[in-house]
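For ligands, and for the atoms within them, numbers begin at 1 and follow the listed sequence.
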Amino acid sequence: MSQNVLRRRRLQISNPAEMSTPRKQKFCEKGMCLFVILVAVVAGIVAVCVVTLTDKDLRQRVPSPPRLEWWKTTIIYQIYPRSFQDSNGDGTGDLKVVTKRLDYLQELGVGTLWLSPFYKSPMRDFGYDVQNYTQVDPLFGTMDDFDVLMKEAKKRGLRVLVDFVPNHTSNESSWFNNSRHSIGKYRDYYIWDDGVNCSTCPDTNFKMPPNDWKSAFRGSAWTYDDNRKQFYYHAYLDSQPDLNASNPDVKQELKNVLRFWLEKGVDGFRGDAIRKLFEFEDVHRNENGVLNLTRNLPGVYPVMREWKHFLDKYSHGKGQEKILIAESYGITNEMRDAYYEVDSIPFNFAFVQKLNPSCKARCIKQIIETSLDGLKEEWWPNFVLGSHDVSRIASRMGDSFVNVLNILLLTVPGTPTTYYGEEIGMKDTFYTYSESRDPAGLNYKEDYLKYSRDPGRSPMQWDSYTNAGFSNGTPWLHVNLNYPVLNVEEQLSKETSTLNIYESLAKLRQLPSFTNKNIIFSTVNDNIISYVRSESGHPKYLVVLNVGSRDSVVDCSGPPLGVSSAQVVLAAGSSLLGMSSYRMGDSADLQAIHLKSAEGVIFKI
Ligand code: GLC
């Protein structure tokens with residue numbers, strides 16, 4: 001049947017005026033018409049009065065908070081596909097299994113998946129060196145696998161974000177190959193320079209890089225290309241040449257990449273290494289270890305704005321907004337504000353960068369305050385606890401603190417991001433130098449433990465069977481030895497497990513009192529941080545967390561609450577030692593809240 005016929009049929013059925021015309025005529029013929037209209041008008045007036053009263057009354061008692069965009073109430077869950085689960089025994093995770101795990105993720109209560117790159121790549125930086133932006137690397141599966149994943153995610157109401165890597169490509173991409181050979185428009189796709197003569201070398205014609213800019217992965221950020229007889233700039237590996245973000249053709253290419261994935265139905269993007277998009281124009285200036293000529297330069301913002309506008313074209317109404325989240329490390333609050341003008345949210349890495357064992361309650365309070373400070377009405381906060389680039393929170397802060405930190409992440413204002421495995425409190429895994437895979441570590445043989453990101457990328461621990469249920473083959477990185485006791489299956493069966501606490505938190509944070517920007521701190525001492533989340537017309541919630549190493553007692557009955565008792569709605573003990581002394585549903589005395597180290601409780605007022 002043609003589309004037109006179908007459309008017409010639907011129009012016919014959905015046109016009630018057309019359908020009811022004959023009956024109306026009969027009615028009026030019987031002389032009832034005037035009477036019916038009169039009754040209808042009177043009934044209408046009465047109904048309006050009743051509805052207005054009820055509505056007003058309701059609004060006074062239970063005012064509903066403004067309906068928020070989906071990304072403001074969701075939890076983002078980062079999947080590093082190569083470490084999530086492997087379906088074909090090659091030791092590397094793949095997209096097929098992500099689809100199989102959607103039920104798990106839905107149960108967990110996370111609403112949005114962010115997939116780290118799964119695009120065609122030589123994998124020198126494990127996918128962050130993209131060879132082709134619109135192909136799936138066979139290691140991860142096929143485009144069909146991705147389409148199925150999207151379809152199944154949508155069915156479950158899950159959103160999908162993909163990684164967008166605009167700063168650099170792989171040196172094996174066709175763009176770079178064409179650029180090395182100065183072919184047509186590709187000539188200026190990257191940042192090329194002749195370099196300078198080496199005045200102190202025996203051969204003074206010997207070429208040196210044009211400046212002292214450093215690669216994030218060690219050494220000069222410039223590599224000489226024998227074909228082109230010029231240096232190219234790379235903020236990361238020499239196999240990750242930086243694109244020339246000022247070039248209009250490059251800009252168009254990148255928009256095409258966005259378009260491709262938007263048309264596949266993704267809900268948005270995490271923008272990789274955004275702060276490195278632009279470099280100082282005069283490449284003959286040195287940074288001398290003090291200047292910043294390569295990070296968060298103002299050119300970043302107009303480009304981001306263009307992408308944001310582009311995404312807006314695909315945001316077809318409420319619930320369909322497409323988002324852009326910038327990876328934005330090391331930014332000042334001023335830069336944060338500039339990012340807010342041009343993306344949905346810039347990732348807030350304050351917890352990632354500032355939480356450490358000596359950062360206790362007051363320090364955490366300050367992190368929260370600084371993160372929220374000066375946010376304009378329309379800007380939405382967010383917090384991130386971990387990622388594929390840093391050590392896991394259990395290892396950074398001590399494994400007993402995973403529960404309290406998950407409570408913190410999921411109860412402070414804004415969108416939280418959880419890195420895979422942190423819902424069960426996975427720890428960093430030790431790898432010898434020869435077992436290491438991350439170039440950031442391999443480039444520092446003598447100091448690889450300091451730089452390697454492998455420890456936080458070990459395979460997801462699903463169960464206590466071979467390789468933690470990650471793979472039947474040999475995992476690309478071996479699993480953590482603690483997997484027989486620390487895994488999803490084990491935790492599903494224990495009511496007080498880190499996983500079950502995470503699930504309860506995910507449900508709780510959907511309540512209006514948590515999905516707004518209000519936070520009022522209650523008592524904060526050396527060990528304990530406590531705060532109130534509220535929404536007018538809804539119950540208030542008091543969150544009390546012992547982030548210190550000693551047991552402590554606090555009185556939270558004073559301002560801002562002014563109540564002496566409340567009901568426990570969530571209680572979590574240390575992730576290592578288990579049980580809290582508080583029980584769900586119990587009424588508790590707020591004048592003396594006793595919390596052991598790493599214990600956290602949420603009370604409903
Ligand atoms: C981002 C990624 C990191 C990668 C780098 C280069 O910082 O998070 O994993 O190595 O960009 O693409």
Atom pairs and distances, side-chain donor-acceptor, residues 114-124, under 3.5 Å, sequence neighbours left out:
{"residue": "W114", "atom": "NE1", "partner": "D163", "partner atom": "OD2", "Å": "3.0"}
{"residue": "S116", "atom": "OG", "partner": "Q78", "partner atom": "NE2", "Å": "3.0"}
{"residue": "S116", "atom": "OG", "partner": "Y128", "partner atom": "OH", "Å": "3.2"}
{"residue": "Y119", "atom": "OH", "partner": "D163", "partner atom": "O", "Å": "2.5"}
{"residue": "S121", "atom": "OG", "partner": "M123", "partner atom": "N", "Å": "2.8"}
{"residue": "S121", "atom": "OG", "partner": "D129", "partner atom": "O", "Å": "2.8"}
{"residue": "S121", "atom": "OG", "partner": "D129", "partner atom": "OD1", "Å": "3.0"}
{"residue": "R124", "atom": "NH1", "partner": "P122", "partner atom": "O", "Å": "3.3"}
{"residue": "R124", "atom": "NH2", "partner": "E172", "partner atom": "OE2", "Å": "2.8"}

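- Within 6.0 Å of NZ in K322 there are more than 12 heavy atoms belonging to other residues, nucleotides or ligands.
- Figure legend: R101 and W462 shown as a cation-pi pair, the cationic atom lying under 6.0 angstrom from the six-membered ring centre and within 45 degrees of its axis.
- Under the ring pair (Phe, Tyr, Trp, His ring centres under 6.0 Å) criterion, W213 pairs with Y233, not counting sequence neighbours.
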Under a 3.5 Å threshold, I'd like every N/O contact between ligand 1 and protein atoms, with atom names and distance.
{"residue": "ligand 1", "atom": "7 (O)", "partner": "E327", "partner atom": "OE1", "Å": "3.1"}
{"residue": "ligand 1", "atom": "7 (O)", "partner": "E327", "partner atom": "OE2", "Å": "2.8"}
{"residue": "ligand 1", "atom": "8 (O)", "partner": "R270", "partner atom": "NH2", "Å": "3.0"}
{"residue": "ligand 1", "atom": "8 (O)", "partner": "E327", "partner atom": "OE2", "Å": "3.4"}
{"residue": "ligand 1", "atom": "8 (O)", "partner": "H388", "partner atom": "NE2", "Å": "2.9"}
{"residue": "ligand 1", "atom": "8 (O)", "partner": "D389", "partner atom": "OD2", "Å": "2.4"}
{"residue": "ligand 1", "atom": "9 (O)", "partner": "H388", "partner atom": "NE2", "Å": "2.9"}
{"residue": "ligand 1", "atom": "9 (O)", "partner": "D389", "partner atom": "OD1", "Å": "2.7"}
{"residue": "ligand 1", "atom": "9 (O)", "partner": "R453", "partner atom": "NH1", "Å": "3.2"}
{"residue": "ligand 1", "atom": "10 (O)", "partner": "D125", "partner atom": "OD1", "Å": "3.4"}
{"residue": "ligand 1", "atom": "10 (O)", "partner": "D125", "partner atom": "OD2", "Å": "2.6"}
{"residue": "ligand 1", "atom": "10 (O)", "partner": "R453", "partner atom": "NH1", "Å": "2.9"}
{"residue": "ligand 1", "atom": "11 (O)", "partner": "D272", "partner atom": "OD1", "Å": "2.9"}
{"residue": "ligand 1", "atom": "11 (O)", "partner": "D272", "partner atom": "OD2", "Å": "3.2"}
{"residue": "ligand 1", "atom": "12 (O)", "partner": "H168", "partner atom": "NE2", "Å": "2.8"}
{"residue": "ligand 1", "atom": "12 (O)", "partner": "D272", "partner atom": "OD2", "Å": "3.1"}

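- Checked against ring pair (Phe, Tyr, Trp, His ring centres under 6.0 Å), Y329 has the following partners two or more places apart in sequence or in another chain: F349.
- Heavy-atom contacts from other residues, nucleotides or ligands closer than 6.0 Å to CD of E263 number more than 12.
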